[in-house]
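Below: the structure, in structure tokens.
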Amino acid sequence: MRVSKYFLPTLKETPSEAQIASHRLMLRAGMVRQEAAGIYSWLPLGFKVLQNIEQIVREEQNRAGAVEMLMPTIQPAELWKESGRYDAYGKEMLRITDRHKREMLYGPTNEEMLTAIFRTFCRSYKDLPKLLYHIQWKFRDEVRPRFGVMRGREFLMKDTYSFDVDEAAARRSYNRMFIAYLNTFARMGLKAVPMRAETGPIGGDLSHEFIILADTGESAVFCHKDLVDMPAPGLDVDFDGDLQPLVDERTALYAATEDVHDEAVFMEVPEDKRLSARGIEVGQVFYFGTKYSAPMRANVTLADGSEQPVHMGSYGVGVSRIAGAIIEASHDEDGIIWPMAIAPFKVGIINLRQGDEATGAACEEAYAALVKAGLDPLYDDSENRAGAKFSRMDLIGLPWQLIIGPRGLKEGTVEIKERASGERQNLSLDAALNLLRSKNVSAI
RNA sequence: CGGGGAGUGGCGCAGCCUGGUAGCGCAUCUGCUUUGGGAGCAGAGGGUCGCAAGUUCGAAUCUUGUCUCCCCGACCA
């Protein structure tokens with residue numbers, strides 16, 4: 001992609017409403033634009049990031065055995081009256097009346113709808129287990145949206161729903177998602193710690209939140225330090241095997257959000273291992289049994305002929321929130337530092353002397369070579385001066401920069417800079433391209 | 001929902017107290033000179049001052065109402 005053809009409205013000055021780093025940087029980097037409180041347009045650069053996050057989430061859901069589908073954003077109120085949540089959900093639910101005066105709502109979550117789908121098609125224990133998910137926009141009419149996309153009213157969420165014959169089976173589904181989430185966040189370069197959590201309005205009695213530690217996090221969290229750097233289980237996990245030991249390993253040590261925090265138990269953690277910090281919730285898993293299946297009569301017939309409500313769980317990942325969370329976890333004073341897997345472009349090319357024939361030719365050569373290697377580099381061929389291009393490339397945080405100008409070309413070199421470390425090397429173009437290859441720069 | 005603050009060219013702000021031709025920086029456009037860390041000079045365009053009533057000869061400025069946005073807290077992927 002060439003900057004001259006792209007849409008990259010970066011800002012030199014920070015809009016006054018943005019208080020935290022991720023919000024400021026997303027606005028400055030031209031990733032999003034606020035349309036109303038807690039409602040954002042995703043501009044091309046931000047949209048690419050969102051899609052990259054979404055794709056990793058999708059791949060790990062599929063790997064764990066979940067099946068993707070898509071439910072609508074608008075739902076009929078009747079479903080929610082059936083489960084009893086139509087009144088319980090309160091003002092956070094955006095209620096809409098259509099032209100026939102029919103009560104509708106913009107879905108804040110989809111337990112009811114998928115339960116209704118399930119009961120229509122699945123009648124037997126032989127249909128179980130089932131793990132279904134979708135990635136869809138949600139709307140929760142928060143009293144006070146803030147922190148940019150981290151607490152928007154409209155947000156993109158991956159929500160998975162599990163259907164099992166009994167609690168033991170449901171726990172196996174829970175474990176699948178638990179492990180899948182650890183792998184998902186690890187692929188994004190995030191250290192997510194699973195913590196015991198309150199179940200909230202979703203209901204149920206077993207729940208973990210996945211927390212990214214960050215000073216700007218919204219909730220206070222308490223955990224054993226060893227959990228923070230515990231490696232993810234890995235993509236070669238056998239999801240059909242027994243996952244319980246892997247889950248136990250990561251739930252044995254103390255970890256709790258403030259809602260369920262027990263100071264006395266926390267004090268049993270050795271003092272040098274106690275970590276009390278702030279965190280951003282990027283995912284949550286719930287087991288809630290028959291909370292919805294019972295009132296909505298989502299029953300299956302068992303082997304003994306009896307009819308029982310199906311055991312359910314739900315599992316959410318805040319896709320749009322993660323975009324902000326990654327920036328909170330990975331930025332410096334110059335701008336964003338994207339992890340390779342999330343970066344909207346993996347390599348940027350800077351033409352230091354726009355209009356100079358030799359420089360332009362070298363840039364084109366680099367561009368063509370990277371495209372041939374299967375990458376989509378972002379080539380800054382704008383008329384800006386070098387300084388402006390440097391600043392902007394640092395701001396948008398691409399992992400690698402190829403800096404090409406007449407001065408280096410005279411020596412037969414280009415400069416290659418790694419955004420994260422700031423390290424630069426002067427190399428021949430071929431050597432620079434080889435370096436990128438050796439660093440395994442590729443599409444996700 | 002309680003408390004605080006703000007709405008003035010695209011962005012960031014001043015002006016308001018003490019009413020009298022709407023201003024600055026950045027951005028944009030044109031020209032010239034520049035060109036390796038957000039260039040310089042010269043010129044140009046762009047705003048019914050959130051909206052509505054009121055006071056006044058006259059309102060960005062005073063009064064009342066209203067809408068929106070932001071921040072702190074309580075609640076949430």
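Numbers restart at 1 for each chain; the letters A, B, ... are given by sequence-line order, proteins then strands.
Where A:Ala18 and A:Leu156 each meet RNA chain B at their nearest nucleotide, the meeting point lying more 5' is that of A:Ala18. Map A:Thr10 and A:Arg146 each onto its nearest nucleotide of RNA chain B; the residue landing nearer the 5' end is A:Thr10.
Which of B:G38, B:C70, B:A77 sits closest to the side chain of A:Gln34 comes down to B:C70. Comparing B:C1, B:G37, B:A77 by their nearest atom to the side chain of A:Val143 picks out B:C1.
In terms of phosphate contacts, A:Gln19 brings no side-chain nitrogen or oxygen within less than 4.0 Å of OP1 or OP2 of B:C72. In this structure, A:Arg144 reaches the B:C71 phosphate: one of its side-chain N or O atoms is under 4.0 Å from OP1 or OP2. Between A:Arg385 and the phosphate of B:G38, there is no side-chain N or O to OP1/OP2 separation shorter than 4.0 Å.
In this structure, B:U63 forms a base pair with B:A53, meeting either the Watson-Crick or the G-U wobble geometry with both donor-acceptor distances under 3.5 Å. Of all nucleotides present, only B:U28 satisfies the Watson-Crick or G-U wobble test against B:A44, with each distance under 3.5 Å. As the counterpart of B:A39, B:U33 is assigned, both hydrogen-bonding distances of the Watson-Crick or G-U wobble pattern falling under 3.5 Å. Figure legend. B:A14 is base-paired to no nucleotide; pairs are counted as Watson-Crick or G-U wobble with both atom distances under 3.5 Å. If you check B:A22 for Watson-Crick or wobble pairing at under 3.5 angstrom, you find it has no partner at all. Under the Watson-Crick and G-U wobble criteria, each requiring two contacts below 3.5 Å, nucleotide B:C69 is paired to B:G5.
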Sort me out a list of protein N/O and nucleotides 24-27 of chain B N/O pairs below 3.5 Å, or just none if empty.
| unit_1 | atom_1 | unit_2 | atom_2 | d |
| --- | --- | --- | --- | --- |
| B:G25 | N2 | A:Glu13 | OE1 | 2.8 |
| B:G25 | N2 | A:Glu13 | OE2 | 3.4 |

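Note on A:Glu415: a base of the nucleic acid sits closer than 4.0 angstrom, heavy atoms only. A:Gly316 comes within 4.0 angstrom of nothing in the nucleic acid, heavy atoms only. Residue A:Lys91 is in sugar-phosphate contact alone, with no base atom involved, counting any heavy-atom pair closer than 4.0 Å across all strands shown. No engagement by A:Pro108 is indicated, since no non-hydrogen atom pair under 4.0 Å with the nucleic acid exists. Within 4.0 Å (heavy atoms only), A:Thr14 reaches sugar-phosphate atoms of the nucleic acid but no base atom. Note on A:Met393: nothing from the nucleic acid sits closer than 4.0 angstrom, heavy atoms only. Residue contacts for A:Glu17: at a heavy-atom cut-off of 4.0 Å it reaches the sugar-phosphate backbone alone, with no base atom in range. Within 4.0 Å of A:Gly408, counting heavy atoms only, lies at least one base atom of the nucleic acid. Nucleic acid contact class of A:Asp394 (heavy atoms, under 4.0 Å, all strands): base. Across all strands shown, A:Lys410 has no heavy atoms under 4.0 Å from either base or sugar-phosphate atoms. Using a 4.0 Å heavy-atom distance criterion, A:Ala388 is classed as a base contact. If you check every strand for non-hydrogen atoms under 4.0 Å, A:Gly90 touches nothing.
One interatomic measurement links the two molecules: NE2 of A:His208 to C1' of B:A77, which rounds to 17 Å at whole-angstrom precision.
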Show every donor-acceptor pair shorter than 3.5 Å between a side-chain atom in residues 208-215 of chain A and any protein atom, with sequence neighbours excluded, or say none if there are none.
| unit_1 | atom_1 | unit_2 | atom_2 | d |
| --- | --- | --- | --- | --- |
| A:His208 | ND1 | A:Tyr174 | OH | 2.6 |

Which atom pairs, donor and acceptor, lie under 3.5 Å between side-chain atoms of residues 64-80 of chain A and protein residues at least two apart or in another chain?
| unit_1 | atom_1 | unit_2 | atom_2 | d |
| --- | --- | --- | --- | --- |
| A:Glu68 | OE1 | A:Arg58 | NE | 2.8 |
| A:Glu68 | OE2 | A:Arg58 | NE | 3.2 |
| A:Glu68 | OE2 | A:Arg58 | NH2 | 3.1 |
| A:Gln75 | OE1 | A:Trp80 | NE1 | 2.7 |
| A:Gln75 | NE2 | A:Thr109 | O | 3.1 |
| A:Glu78 | OE1 | A:Arg102 | NH2 | 3.0 |

Donor-acceptor list for residues 417-427 of chain A side chains, cut-off 3.5 Å, not counting sequence neighbours:
| unit_1 | atom_1 | unit_2 | atom_2 | d |
| --- | --- | --- | --- | --- |
| A:Lys417 | NZ | A:Asp394 | OD1 | 3.0 |
| A:Lys417 | NZ | A:Asp394 | OD2 | 3.3 |
| A:Glu418 | OE1 | A:Ser421 | OG | 2.9 |
| A:Arg419 | NE | A:Ile336 | O | 3.4 |
| A:Arg419 | NE | A:Asp394 | O | 2.9 |
| A:Arg419 | NH1 | A:Asp332 | OD2 | 2.9 |
| A:Arg419 | NH2 | A:Asp332 | OD1 | 2.8 |
| A:Arg419 | NH2 | A:Gly335 | O | 3.4 |
| A:Arg419 | NH2 | A:Ile336 | O | 3.4 |
| A:Arg419 | NH2 | A:Asp394 | O | 3.2 |
| A:Ser421 | OG | A:Glu423 | N | 3.1 |
| A:Arg424 | NH1 | A:Glu415 | OE2 | 2.9 |

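Taking atom P in both B:U8 and B:U55, one finds a spacing of 27 Å when rounded to whole Å. Rounded to whole Å, the separation between the C1' atoms of B:A44 and B:G54 comes to 40 Å. The same atom, P, is picked in B:U68 and in B:U30; the two are 40 Å apart, to the nearest Å. B:U18 and B:C13 have their C1' atoms separated by 22 Å, with the value rounded to a whole Å. Taking atom C1' on both B:G20 and B:G15, the two are 14 Å apart, rounded to the nearest angstrom. B:G9 and B:C51 are spaced 10 Å apart, taking the P atom of each and rounding to whole Å. B:U33 and B:C11 have their C1' atoms separated by 28 Å, given to the nearest Å.
Annotation: cation-pi pair A:Arg95/A:Tyr86 present, NZ/CZ under 6.0 Å from the ring centroid and within 45° of its normal.
No donor-acceptor pair closer than 3.5 Å links the side chain of A:Tyr315 to the backbone N or O of A:Gly283.
Separation of the A:Phe345 and A:Tyr6 ring centroids falls under the 6.0 Å cut-off.
Shown here are the ring pair (Phe, Tyr, Trp, His ring centres under 6.0 Å) partners of A:Phe390, two or more places apart in sequence or in another chain: there are none.
A salt bridge does not link A:Arg144 with A:Glu92: none of the charged nitrogens is closer than 4.0 Å to a carboxylate oxygen.
One finds the CG atom of A:Asn351 at 4.0 Å from the SG atom of A:Cys363 (value rounded to the nearest 0.5 Å).
Below 30°, between 30° and 60°, or above 60°: for A:Phe222 and A:Phe266 the angle between ring planes is above 60°, a perpendicular geometry.
Residues of residues 422-434 of chain A that place a heavy atom closer than 4.0 Å to RNA chain B, in numerical order, are A:Arg424.
Here A:Phe390 does not count as stacked on B:G36, because the ring centres are not under 5.5 angstrom apart with planes under 30°.
Side chains of A:Ser391 and A:Lys389: a donor-acceptor N/O pair is absent below 3.5 angstrom, by distance only.
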